[in-house]
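Note sheet for the following structure.
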Amino acid sequence: MIRTLHPVAGIIAFVTILCFWLSTVVVELGGDQASIAAVKRAILWGLVLLVPAIALAGASGFRLGGKSQHPDIARKRKRMPVIAFNGIVVLVPCAIFLQQRAAAGLFDQTFTVVQAIELIAGAINLALLGLNIRDGFRLSHRFAPARA
């Protein structure tokens, strides 16, 4: 069960952050203030899915990895605290702040700076989660080339 749950939670977390990131970029480049506010509200609601998915991926990963010294597991283990810190200390507060500013119609320089911070932190988490997914596929031999 945990061997199925771990990759599913990791993929859900990755895809959710990717959707947040892409929808933010698209609406910031071509949307009006109402569209930006709608995306910020949707992202805030999306945290209900993202936070448990990241927590589940992390907890199941630590359980699956145990005390293994395998290099791929060690790298995954080192990335997860960064992903969690980035999410809890940067991304969640940014999402709340930006939603409140957008709902109030405050699209000033502060909004832009916090939006840039959120996009950078989101890109970092996407990269780290992507590397963890790659290492997980390598460990599980999923998508490995067929042997002749």
Side-chain angles (χ1 to χ4, degrees), residues 1-66 68 70-104 107 110-146:
M1 173 86 166
I2 194 168
R3 291 188 182 281
T4 302
L5 200 59
H6 178 69
V8 169
I11 296 291
I12 288 172
F14 181 84
V15 170
T16 304
I17 294 172
L18 183 62
C19 287
F20 290 177
W21 203 93
L22 289 175
S23 62
T24 295
V25 169
V26 168
V27 79
E28 291 283 343
L29 291 176
D32 58 10
Q33 291 185 351
S35 300
I36 294 170
V39 166
K40 294 300 155 198
R41 187 174 45 254
I43 288 173
L44 204 56
W45 278 105
L47 293 177
V48 173
L49 175 66
L50 177 61
V51 171
I54 286 181
L56 190 57
S60 60
F62 279 105
R63 176 138 172 113
L64 282 171
S68 172
H70 190 285
D72 286 339
I73 293 173
R75 282 191 295 270
K76 289 180 74 163
R77 195 178 292 132
K78 285 182 181 175
R79 289 181 202 125
M80 275 314 292
V82 177
I83 293 167
F85 177 85
N86 207 7
I88 294 169
V89 175
V90 180
L91 292 173
V92 170
C94 283
I96 294 169
F97 178 84
L98 291 169
Q99 188 280 327
Q100 290 175 343
R101 299 288 282 206
F107 297 96
T110 302
F111 181 91
T112 304
V113 169
V114 173
Q115 182 62 81
I117 291 168
E118 184 186 54
L119 286 172
I120 292 167
I124 290 169
N125 267 12
L126 278 173
L128 294 174
L129 282 168
L131 291 170
N132 275 4
I133 290 168
R134 180 204 61 192
D135 289 344
F137 284 150
R138 190 172 22 224
L139 285 165
S140 68
H141 304 290
R142 288 189 180 129
F143 307 113

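These numbers come from the heavy atoms of this one structure, side chains and all, not from hydrogens, waters or symmetry mates. Positions are given from 1 along the sequence.
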Hey, what do you get for [atom1] ([X]) to [atom2] ([Y]), rounding to the nearest 0.5 Å?
X: W21; Y: I120; atom1: CH2; atom2: CD1; result: 10.0 Å
X: L91; Y: L50; atom1: CG; atom2: CG; result: 8.0 Å
X: N125; Y: T16; atom1: CG; atom2: OG1; result: 12.0 Å
X: L128; Y: L126; atom1: CG; atom2: CG; result: 9.0 Å
X: L119; Y: T24; atom1: CG; atom2: OG1; result: 6.0 Å
X: C94; Y: Q115; atom1: SG; atom2: CD; result: 8.5 Å

Is it the case that atom CZ in R138 sees more than 12 heavy atoms from other parts of the structure closer than 6.0 Å? yes

Check whether any side-chain heavy atom of [X] sits under 4.5 Å from a side-chain heavy atom of [Y], and report yes or no.
X: R134; Y: K76; answer: no
X: K40; Y: L44; answer: no
X: I36; Y: F111; answer: yes
X: F107; Y: T112; answer: no

Q: Take V39 and F20, measure what side-chain contact (heavy atoms from CB on, under 4.5 Å) needs, and give me the verdict at the end.
A: CA-CA 8 Å; V39 166; F20 290 177; over 6 Å; no

- [ ] List the steps, then state whether side-chain contact (heavy atoms from CB on, under 4.5 Å) holds for E118 with V90.
- [x] CA-CA 7 Å; E118 184 186 54; V90 180; over 6 Å; no

Less than 3.5 Å apart, which donor and acceptor atoms pair up between the side chains of residues 78-85 and the rest of the protein, not counting sequence neighbours?
residue: R79; atom: NH1; partner: N132; partner atom: OD1; Å: 2.7
residue: R79; atom: NH1; partner: D135; partner atom: OD2; Å: 2.8
residue: R79; atom: NH2; partner: D135; partner atom: OD2; Å: 3.1

Hey, does the side chain of R75 reach the backbone of L131 with a donor-acceptor pair shorter than 3.5 angstrom? no

Do N86 side-chain atoms and A121 backbone N/O form a donor-acceptor pair below 3.5 Å? yes

(message) If I compare all heavy atoms of G31 with all of S35, which pair ends up nearest, and what's the gap?
(response)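 Smallest heavy-atom distance, with atoms named: CA-CB, 4.3 Å.
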
- Task: Write down the atom of I17, the atom of G122, and the distance for their closest heavy-atom approach.
- Result: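 Scanning both residues, the minimum pair turns out to be CG2-O, 3.8 Å.
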
What donor-acceptor contacts under 3.5 angstrom involve side-chain atoms of residues 1-14, with partners at least two apart or in another chain?
residue: H6; atom: ND1; partner: A57; partner atom: O; Å: 3.0
residue: H6; atom: ND1; partner: S60; partner atom: OG; Å: 2.8
residue: H6; atom: ND1; partner: G61; partner atom: N; Å: 3.2

Exercise. Only pairs at least two apart or in different chains count here, so list each side chain to side chain donor-acceptor pair (under 3.5 Å) that has a residue in residues 87-102.
Key: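 The answer is R101-D108.
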
